[in-house]
2 protein chains.
Amino acid sequence: MTQAPAQHRGTRSRDAILDTAGELMSRHGYAATSISMISAACGLPVSSLYWHFGSKDGIYVAVLQRARTALLAALPPVEVPGADVAQRLDTFLDEVKDAFRRHPHGLKLLLGLGMVQQDASAAAVAEVHHYRDALLAWATDSVSAVFGLRDRPEVSDELARFTLRVASGTAVARWFEPGAALETGPLRVALLALAAHHGVAPHGARPEDPAGGVTGRE
Amino acid sequence: MTQAPAQHRGTRSRDAILDTAGELMSRHGYAATSISMISAACGLPVSSLYWHFGSKDGIYVAVLQRARTALLAALPPVEVPGADVAQRLDTFLDEVKDAFRRHPHGLKLLLGLGMVQQDASAAAVAEVHHYRDALLAWATDSVSAVFGLRDRPEVSDELARFTLRVASGTAVARWFEPGAALETGPLRVALLALAAHHGVAPHGARPEDPAGGVTGRE
DNA sequence: GTCTATACCCTGATAGAC
DNA sequence: GTCTATCAGGGTATAGAC
């Protein structure tokens, strides 16, 4: 405690500020969260916040960055184990639901701060887009692995976007019904139907001959 | 123009304030929209806003009320014409897509102001919930009419919630891809699959014998 | 790295002439 | 109903001692 306490205190303060700021901003939104609120809530004086992050916008960007890395780390790996599509889809949806349940702040930050892009700085806008792009890329890779869609990028794109819309819609519903979880049941049915609609058979292997599908080819 | 100009000017000013406030609040959110901004944008002095609405919160509630009535008036009637399910579903989705396209403010207000419920007044929170409840009730009645679900309320409830989630998710996606429209194609496939999953046949008549259980076949 | 004190501006809201 | 003028308070951000 005498060698390098300053540094330790520094990073600890930094984290404390980010914790409180993330909590408050995800609850009240960016504009409604004042520096003084954060200062009062985390106990550190206002100037410390400015020493660490330079501006309110700097805090916002740092909060977003941390939320993004945390959420992406919590998401299941892209390679989903399982013999057939149904099995892989089940594990995939279970893990998504779990990540969704355990990280309520992540999406809410993305929503709340994404909404006020107009006023935000260039760095903040870039970070918000980075966040959302990473989420979309992860979803695309995942559904591609689940359904075996390496050679059907347009299908995995559609399935991924659809999944994200249902997830964001649920995040929205969540501030009307606070306990609302991601309803994987209907989502599962919908994804299977969408895949079938594009001629992706509900088996483990990718269809070499998708002629049997509802829309054999497009 | 000499008999009752005061009244006319009054209601015209009122509308102008509401127009500007709705536009600004849907873009920047409630907290980031100041009385002075509204005043400058609509040309009327600050005190006029207070004379008409009493407080910033009063403006907010009035804006929400007007957006709700406008959006609900723009939504298609519950009784959808059409011989069979597929036909009714198509017209229904087309009209929803159209309303969604023509009234971008409505949902954004609901989202943006719904997010900051924590800080808002009781009247504002009540109005937000009223808004969302009306939307949900309309969606439930509509899908019930489309699929003929008068005796399966739990199914129409699920379909309506699913539709609303996709719609809100699209409204969210909209502030990343400004032109994004409601993708009725995938939604159509999903709703039909969900209905089938609950044993609702894709015909005009309601199924008298849904004994097939959860799904006709899986 | 952390604190106190403070500058400067804009906020929501009111008073009172017209 | 609309205007000008104004208040008290809180906002972001900075300076400088420790």
Side-chain angles (χ1 to χ4, degrees), chain A residues 1-21 24-25 27-63 113 116 118-124, chain B residues 1-22 24-25 27-64 113 116 118-124:
Chain A
M1 286 298 198
T2 45
Q3 290 296 66
Q7 245 187 11
H8 280 61
R9 280 215 312 191
T11 59
R12 275 210 349 204
S13 296
R14 218 190 113 94
D15 284 347
I17 295 168
L18 253 36
D19 284 341
T20 20
L24 291 173
M25 286 181 170
R27 277 230 302 267
H28 307 285
Y30 174 76
T33 306
S34 71
I35 301 273
S36 344
M37 279 170 62
I38 306 173
S39 160
C42 74
L44 273 63
V46 174
S47 350
S48 284
L49 311 199
Y50 281 100
W51 191 90
H52 281 286
F53 301 102
S55 67
K56 187 182 175 182
D57 194 85
I59 301 180
Y60 159 45
V61 173
V63 164
L113 305 181
V116 293
Q118 310 247 355
D119 322 277
S121 72
Chain B
M1 285 300 190
T2 44
Q3 292 295 66
Q7 248 188 9
H8 280 60
R9 281 212 314 189
T11 58
R12 275 208 352 204
S13 298
R14 217 190 114 96
D15 284 347
I17 294 168
L18 253 35
D19 284 341
T20 337
L24 290 174
M25 286 180 171
R27 276 229 302 268
H28 307 287
Y30 174 75
T33 305
S34 70
I35 299 272
S36 342
M37 280 171 61
I38 306 173
S39 159
C42 74
L44 273 62
V46 174
S47 343
S48 283
L49 311 198
Y50 282 101
W51 191 90
H52 280 287
F53 302 101
S55 69
K56 187 181 175 184
D57 194 85
I59 301 182
Y60 160 44
V61 173
V63 164
L64 268 181
L113 304 180
V116 293
Q118 311 247 356
D119 322 277
S121 71

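Within every chain, numbering begins at 1; the chains are lettered A, B, ... in the order of the sequence lines, protein sequences first and strands thereafter.
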Are side-chain heavy atoms of B:Ile35 and B:Tyr50 found at a separation under 4.5 Å?
yes

Whole-Å distance, A:Phe53 CZ to C:dG1 C1', equals 13 Å

Comparing A:Ile35 with A:Ser47, nearest DNA chain D nucleotide closer to 5' gives the residue A:Ile35

Checklist entry - With distance as the sole test, does A:Thr20 use its side chain to make a donor-acceptor pair with the main-chain N or O of A:Ile38 at under 3.5 Å? => result no

Quick note, A:Ser13 side chain, CB onward, closest among D:dT14, C:dT11, C:dT2 is C:dT2

Here the distance between atom C1' of C:dA13 and atom NZ of B:Lys56, to the nearest Å, is 12 Å

By nearest-nucleotide position on DNA chain C, the 5'-leaning member of A:Val46 and B:Ser36 is A:Val46

Picking from D:dC3, C:dT11, C:dA13, the nucleotide nearest the side-chain atoms of B:Pro45 would be D:dC3

Open item on the list: Applying a 4.0 Å non-hydrogen cut-off, can you work out what B:Ser39 is touching in the nucleic acid: base, sugar-phosphate, or nothing?
Closed with: nothing

When rounded to whole Å, the OH to C1' distance for the pair B:Tyr60 and C:dA13 reads 20 Å

With the side chain defined as heavy atoms from C-beta on, B:Tyr50 is closest, among C:dG12, C:dC3, D:dC3, to C:dG12

Original post:
Does some side-chain heavy atom of A:Asp57 sit less than 4.5 Å from a side-chain heavy atom of A:Tyr30?
Top reply: yes

Would you say that A:Tyr60 contacts A:Thr33 through its side chain, given a criterion of any heavy-atom pair below 4.5 Å between the two side chains? no

